[in-house]
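Worksheet for the structure shown next.
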Amino acid sequence: MKKIFLTGAAGFIGSHVAKALLERGDEVIGIDNVNDYYDPQLKCDRLAWLSPYPNFHFYEGDVADPVFLDGVLDKHPGVTSICHLAAQAGVRYSLENPLAYIHSNVMGTTCIFEQARHRNIPQVVYASSSSVYGNSDSAPFVEDQNTDRPISLYAATKKSCEVIAHTYHHLFGVQSTGLRFFTVYGPWGRPDMSPIKFASLIWNDKEIDVYNHGKMQRDFTFIDDIARGVIASIDTPLAYEIINLGGSNVVELETFITTLEKHLGKQAKKNYMPLQPGDVLLTSADTTKAQELLQWKSQVSLDQGLAEFAAWFKTYYQSQS
């Protein structure tokens, strides 16, 4: 049995990783600040989803608060790994509130690596993002290509996390694996991301804004595949690595919308818009490294994943109304 300190436990990816760890018998010490970047009720409902497990311990607080972190970890000695998924998410919001990203993503990550350093916790698995690739014209994206030209502050902070991790490995021997997630979707997803945003508007017969006239391409990755990849990283300690986790489902936004319409059983009303500042035109993951180091490959097709998402969406959102 492993003992995992999990940040961002009330988040989309964090809650799925927690559940998968708990179901296999691991102990999870989860933290989250349950902020109001989006409706906190969804975060509370994710926590309620996890609450039946006796080996789940949850504490509400800020990942960038060293005193809070000390208090939690003092109560739970013997942590075998840190899984750091807490972050201020969202590309567009980083244009409005940049300091929130520096606080949560840069300061928070530094605080986590300080805990690993001083408590001799041997391994940190942490969330990076496909956004670090910027508007690269070299696809699919490979981990060793240049990522020094991010086009959003969110991406810049995620790149900073990777550099911080490298520094702590070089100076203090902390092992780490940074996972670059590619457009994650599925049940319990974030309402600021296109799947729930689109589904809500389509369901209520309202217009959806389709940016860059639907010509953006995304490598969609189902949440269960992502959770498997995170857990494979926890189970496979590496010295210092950056690894793509992508679904190899590169489709245009229009195709995504058409598939979502099919599974919702409703037609979208579309409002075509220009490209928004900070948005990238393409994400596409080369997952050779994940296959070689983690024996991981995505398994869920976009059609299957959106079918599961739509079924959850109808049940969850009808229960809220």
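The NZ atom of Lys266 lies 9.5 Å from the CD1 atom of Ile202; values are rounded to the nearest 0.5 Å. We find the OG-CG distance between Ser15 and Asp32 to be 9.5 Å, quoted to the nearest 0.5 Å. Within the model, atoms NZ of Lys197 and CD1 of Ile208 stand 10.5 Å from one another, a figure rounded to the nearest 0.5 Å. Annotation: the span from Leu294 atom CG to Ile234 atom CD1 amounts to 11.0 Å, rounded to 0.5 Å.
Side-chain contact between Arg228 and Leu245 is absent, with no heavy atoms from C-beta onward closer than 4.5 Å. The shortest distance between side-chain heavy atoms of Asn212 and Lys215 falls below 4.5 Å. Between Leu201 and Glu207, the closest side-chain pair of non-hydrogen atoms is not below 4.5 Å. Contact check for Gln175 versus Leu238: no side-chain heavy atoms found under the 4.5 Å cut-off. For the pair Ile112 and Phe5, the minimum side-chain heavy-atom distance is below 4.5 Å. Using a 4.5 Å heavy-atom threshold, the side chains of His170 and Tyr240 count as separate. Taking 4.5 Å as the limit, every side-chain heavy atom of Lys289 sits out of range of all side-chain heavy atoms of Asn244.
Defined by atom type and a distance below 3.5 Å, a donor-acceptor pair is missing between the side-chain atoms of Glu241 and Thr177. Tyr126 and Glu162 are not linked by any side-chain donor-acceptor pair at a separation below 3.5 angstrom, with hydrogens and angles left out of the test. For the 3.5 Å distance criterion, the side chains of Asp70 and Gln115 qualify, holding a donor opposite an acceptor. Between the side chains of Thr80 and Lys3, no donor-acceptor pair is found at a separation under 3.5 Å. No side-chain donor from either of Asp209 and Tyr272 sits under 3.5 Å from a side-chain acceptor of the other.
Between the Arg180 side chain and the Ser130 main chain, no donor and acceptor come within less than 3.5 Å of each other. A donor-acceptor contact shorter than 3.5 Å links the side chain of Thr283 to the backbone of Asp219. A donor-acceptor pair is defined here as one N or O able to donate and one able to accept, closer than 3.5 Å; such a pair exists between the side chain of Ser298 and the backbone of Gly247. Although no hydrogens or angles enter the test, the distance criterion places no donor-acceptor pair under 3.5 Å between the side chain of Glu60 and the main chain of Ile31.
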Identify every side-chain donor-acceptor pair in residues 300-311 under 3.5 Å, counting partners at least two apart or on other chains, and give the distances.
unit_1, atom_1, unit_2, atom_2, d
Ser301, OG, Gln304, N, 3.1
Asp303, OD1, Lys262, NZ, 2.6
Asp303, OD1, His263, NE2, 2.9

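Between Tyr133 and Phe182, the ring planes lie tilted relative to each other; the angle falls in the 30° to 60° range.
Under the ring pair (Phe, Tyr, Trp, His ring centres under 6.0 Å) test applied with His76, the options Phe58, Tyr59, Phe56 reduce to a single match, Tyr59.
Applying the side-chain contact (heavy atoms from CB on, under 4.5 Å) criterion to Glu23, with sequence neighbours excluded, gives Lys19, Tyr53. Legend: residues meeting side-chain hydrogen bond (donor to acceptor under 3.5 Å, both in side chains) with Asn120, ordered by chain and number and at least two apart, are absent.
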Quick one: do Asp235 and Arg24 satisfy salt bridge (Lys or Arg N to Asp or Glu O under 4.0 Å)? Show the steps, please. CA-CA 12 Å; Asp235 291 345; Arg24 74 175 195 174; 2.7 Å; yes
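Closest approach of Ile223 and Gly186 over heavy atoms only: CG2-CA, 4.0 Å.
Figure legend: cation-pi geometry between Arg190 and Phe12 absent, as NZ or CZ is not positioned both under 6.0 Å from the six-membered ring centre and within 45° of its axis.
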